[in-house]
Amino acid sequence: MATSALLYPNLTLGEDGHLLFDGLDTVALAEKYGTPLILLSEDRVRAHCRTYREAIEAALPRGSRALYASKALSFRQIYPIVESEGLGADVVSPGELATALSAGFPAERIFFHGNNKTDADLRFALERHVGTIVVDNQEELARVDELAGEVGLCQDILLRITPGIDPHTHAKINTGRIDSKFGSAIETGAAEAITAAALAAPHVDLRGFHCHIGSQIFDATPFLDAAEIMISFIARVRSEHGFTADTLNLGGGFGVRYVAEDPEVDIAAHVRVLGEGIARACEAARLECPRILLEPGRSLVADAAITLYTVGSVKEIPGFRNYVSIDGGMTDNPRYTLYQSKYTMLTANRAADPADFTATIGGRCCESGDLLGEGVAIARPARGDLLAVLTTGAYTYSMASNYNRVCRPPIVIVHDGEDRLAVRRETFDDLMACDL
Ligand code: LLP
């Protein structure tokens, strides 16, 4: 039995050995919509939103909230789902902002990030009355101030600070150290300098600070370390500049389970640990606790989705390895190519069969690095079988490309036993839509 591959309770086995997703037959869904196909469970996204919301309400100061880091998965229908669960949203580009606004997400609950917002980006956000701009550096601060003046408003801002924490995660997804393109570092004095400049700027209203230490972190400790550093920075700013921050944004959320060996994170317990630590640190600094914002992306959507592919050629190279080719790959999920990220996979039309075959899963691109995994244990597949890759909700569709002019897959949302198309499959006409 391959049941150990059924990582989450919404993945079950049908009587005919088919993989069921939220109770629906994946083989039937693949027939209906074609492959590659992304299935997203609305109930799981909602459940994760509630877990954060309840944990935050129970353990963090009043006014604290989660913001959905929509870079993880941005398409119109995701925004009303997280909005109705009471979350705010974080966007990192005018494209994400435009998508959120066009889906009716309230502008005042949106935080606009990015290490290099252009004047056009800033103007776009200011004119649409985005709630908060997270300002990365001094140059940007000057531009926000000037453009806000031109638009005729006083813009709420947070300053992105690098607290200098290395959470021991993959280097390419580690954004909180001093040597980083993001934010202003405390150690170098840049953080204090930008704070003084923000306090003197007439068209911005400094509300507090933001930091982000990295992604796919399983432990509460690095977050707590960052919070303590930020709180002592806030206390110093108060005594030296007379400014008390009312908001501390601690950045991205916790890690998720891609493979059975990954730990299962107890989000409520981690938030509790964080809340206790923050209360202690604020008390020691004689500081009223600021409201805390968290920006989970991955942990809201990653394990709410799977991707289904049709198996093409199966090549056994004696003495070397077995290649199983699928009709997608790095174009819809570049994470193995970029980070060697591990995934759990199973042959969805024979999900009860033993995983007795070790395979390298190859994508369809003319590129040897186009792989979804190596040393993957699955039931021996044959042409026409259906391969399910689990935990593909975050940073897959949002990082998809049209390399080799491959069309991006559709997203089907499953909710209350029904499936609905939320993003249609790209067509060749879409591929050529910008070509003159
Ligand atoms: N806030 C900020 C400022 C961030 O930079 C990020 C992620 C998040 C929130 C959300 O973090 P999460 O809760 O998803 O861990 N493409 C990489 C991940 C890059 C993450 C970048 N920042 C991957 O596929 O693993």
Side-chain angles (χ1 to χ4, degrees), residues 52 56 60-71 74 79 82-83 86-101 103-162 175 182-184 191 194-195 197-199 201-212 230 233-234 237 243-253 289-297:
Y52 271 101
I56 288 170
L60 295 178
R62 270 240 316 256
S64 298
R65 145 179 293 180
L67 315 174
Y68 171 51
S70 62
K71 64 177 80 65
S74 179
Y79 290 98
V82 297
E83 196 267 333
L87 274 66
D90 119 26
V91 298
V92 292
S93 69
E96 284 181 4
L97 177 56
T99 310
L101 293 175
F105 203 93
E108 68 274 10
R109 269 161 63 183
I110 299 180
F111 287 66
F112 183 27
H113 279 280
N115 66 305
N116 186 29
K117 306 173 194 79
T118 66
D119 284 8
D121 296 348
L122 290 171
R123 196 179 278 283
F124 183 82
L126 289 163
E127 285 171 351
R128 280 151 191 84
H129 302 288
V130 73
T132 307
I133 296 181
V134 183
V135 174
D136 186 88
N137 58 68
Q138 287 249 25
E139 252 178 63
E140 185 178 295
L141 175 66
R143 296 309 296 145
V144 174
D145 188 41
E146 198 173 323
L147 292 167
E150 277 175 37
V151 175
L153 44 81
C154 187
Q155 176 64 48
D156 277 357
I157 61 164
L158 298 179
L159 297 176
R160 178 152 180 173
I161 304 298
T162 35
T175 49
F182 297 101
S184 309
I194 192 174
T195 303
L199 290 171
H203 305 295
V204 300
D205 190 2
L206 178 62
R207 306 302 303 267
F209 301 97
H210 170 276
C211 67
H212 172 76
M230 293 298 287
F233 176 71
I234 289 173
V237 165
F243 165 72
T244 307
D246 68 26
T247 303
L248 172 58
N249 183 330
L250 292 174
C289 272
R291 70 170 177 148
I292 304 295
L293 302 178
L294 301 176
E295 297 175 327

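For the residue pair Gly252 and His212, the shortest heavy atom distance occurs at N-ND1, 2.9 Å. Taking both residues in full, the closest heavy atoms of Ala100 and Ile110 are given as CB-CD1, 4.0 Å, listed atom of the first, atom of the second, then distance. Considering all non-hydrogen atoms of both residues, Asp136 and Ser184 come closest at O-OG, 3.3 Å. The heavy-atom pair separating Asp119 from Arg143 by the smallest distance is OD2-NH2, 2.7 Å. Residues Phe124 and Ala98 share a closest heavy-atom pair of CZ-CB, 3.9 Å. Of all the heavy atoms in Tyr52 and Gly253, the pair that sits closest is OH-CA, 3.7 Å.
Rounding to the nearest 0.5 Å gives a distance of 6.0 Å between OG1 of Thr247 and CG of Leu158. Between the CZ atom in Arg65 and the CZ atom in Arg109 there is a gap of 4.5 Å [rounded to 0.5 Å]. Atoms CD and CG, from Glu295 and Asn249 in turn, are 4.0 Å apart once rounded to the nearest 0.5 Å. Rounding to the nearest 0.5 angstrom, the gap separating the CZ atom in Arg160 from the CG atom in Asn137 is 11.0 Å. Separation of atoms CD (Glu140) and CD1 (Ile133) is listed at 7.5 Å; rounding is to 0.5 Å. The distance from the OG atom of Ser64 to the CG atom of Leu250 is 9.5 Å, given to the nearest 0.5 Å.
Evaluation of the salt bridge (charged side-chain N to carboxylate O under 4.0 Å, His left out) rule for Glu108 yields no partner, not counting sequence neighbours. Applying the side-chain contact (heavy atoms from CB on, under 4.5 Å) rule to Thr195 yields the partners Leu159, Leu199, Leu206, Phe209, Phe233, Val237; only residues at least two apart in sequence or on another chain are considered. Shown here are the side-chain contact (heavy atoms from CB on, under 4.5 Å) partners of Thr99, two or more places apart in sequence or in another chain: Ser74, Arg76, Tyr79.
Checked against the 6.0 Å centroid criterion, the rings of His210 and His113 qualify as a close aromatic pair.
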Start with the C-alpha gap between Thr132 and Arg207, add the side-chain angles, then the distance that decides, and say whether side chain to side chain contact (heavy atoms under 4.5 Å, CB included) holds. CA-CA 9 Å; Thr132 307; Arg207 306 302 303 267; 5.7 Å; no

Side chain to side chain contact (heavy atoms under 4.5 Å, CB included) for Asp90 and Lys71? Distances and angles first, verdict last. CA-CA 8 Å; Asp90 119 26; Lys71 64 177 80 65; 3.8 Å; yes

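Formation of a donor-acceptor pair under 3.5 Å by the Asp145 side chain with backbone atoms of His203 is found in this model. Listed for the Glu127 side chain is no donor-acceptor partner under 3.5 Å among the backbone atoms of Leu122. Side chain of Glu96 to main chain of Phe112: no donor-acceptor pair is present (N/O by atom type, distance under 3.5 Å, no hydrogens or angles).
Within the 4.5 Å cutoff, side-chain heavy atoms of Ile292 are placed close to those of Pro61.
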